[in-house]
Structures are given as structure tokens and as C-alpha cells.
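Contents: one structure, followed by commentary.
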Amino acid sequence: PRPAGGAVGVPTPRLASLDHAHGAELVFQYQVPPPDPELLATCVEAWAKILGAPDDQVRVKGWFYMGLHLLRMVPFRLKVSEDQALYALANGVRWIARAVAEC
């Protein structure tokens, strides 16, 4: 098996932890900064033209497929560390739930 950080002697930073005191509530120690709004709008508009769909549908599809991608990553991330697998699993569920809530 590979070391936790992927390279010998390099630890993986903790991405997520499970707070047992609150049941299944996840506390993320790593937060990704939001994307640049102008760049995001440009990407959404470009994909809206490609897909022939309104911007709001493109955003929902993006959330869904990002969540699906993260869920498919879980087995591979688990080979690196449980933290990375947990992070991918929790965020995959979160983004798919957000997409479904918008439908």
C-alpha cells in the first residue's frame, strides 16, 4: 500500500473529519475558495451555448455531474487515505443533493 500522502514520508493533510458527538455531521477542515464570479459566468454562458440550455439548467447539470464525479472517485481516494475518500463522498452527496433540490 501507498503511504498516506502519496509520496514516502509526506503526510496527507486532513481534509475531513467525522464529528461523532453530532451523529453523522461532517466537519470539513479544508474549504475551497469560491471561483471568480466573472470566470464562472463566462464558463456557464459558454456551456449554455454548447448545450442549448438556459444558464440555470447548466448550473444544475454542473452540480450533478460534479457530484457524480466525486462519488466515482471514492474508491481511488480510499487507496490514498480515508480522509480523501470521506471528503469526496460527502461533497459528492452534497452537490447531487443541491442539484436535485433545484429540479
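This is a predicted model, so every value here is computed, not measured. The analysis underlying the following values was restricted to heavy atoms, covering all of them including side chains, and did not include hydrogens, waters or symmetry mates.
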Exercise. How far does SG of C43 sit from CD of E38, to the nearest 0.5 angstrom?
Worked result: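 Taking SG in C43 and CD in E38, the distance rounds to 11.0 Å.
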
For this session: Output the distance between atom CD (E102) and atom NZ (K61), rounded to the nearest 0.5 Å.
Result: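 Atom-to-atom, E102:CD and K61:NZ are 14.5 Å apart.
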
If two hydrophobic side chains count as joined below 4.5 Å and joins carry through other members, does [X] share a cluster with [Y]?
X   : Y   : answer
M73 : V80 : no
L86 : L70 : no
L40 : V58 : yes

Problem set entry | Fellow cluster residues of F76, listed by chain then number, with links counted only when side-chain atoms sit under 4.5 Å apart |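 Other cluster members: none.
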
Exercise. Taking the hydrophobic residues Ile, Leu, Val, Met, Phe, Trp and Tyr, and joining any pair whose side-chain heavy atoms are under 4.5 Å apart, which ones share a cluster with V100?
Worked result: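 Same cluster as V100: F64, Y65, L68, L71, V74, L89, V93, I96.
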
Partners passing side-chain contact (heavy atoms from CB on, under 4.5 Å) against [X] (at least two apart in sequence or in another chain):
X   : result
A46 : none
I50 : W47
D55 : V44, E45, A48

For this session: Heavy atoms only: give me the nearest A88-R77 pair and the separation to one decimal.
Result: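 Here A88 and R77 meet closest at CB-CG, 4.3 Å.
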
Problem set entry | All side-chain hydrogen bond (donor to acceptor under 3.5 Å, both in side chains) counterparts of R59, not counting sequence neighbours |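 Once residues adjacent in sequence are excluded, R59 has no partner under the side-chain hydrogen bond (donor to acceptor under 3.5 Å, both in side chains) criterion.
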
For this session: Kindly indicate whether the side chain of W95, heavy atoms from C-beta on, has any atom under 4.5 Å from the side chain of N91.
Result: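 Side chain of W95 against side chain of N91, heavy atoms only: contact under 4.5 Å found.
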
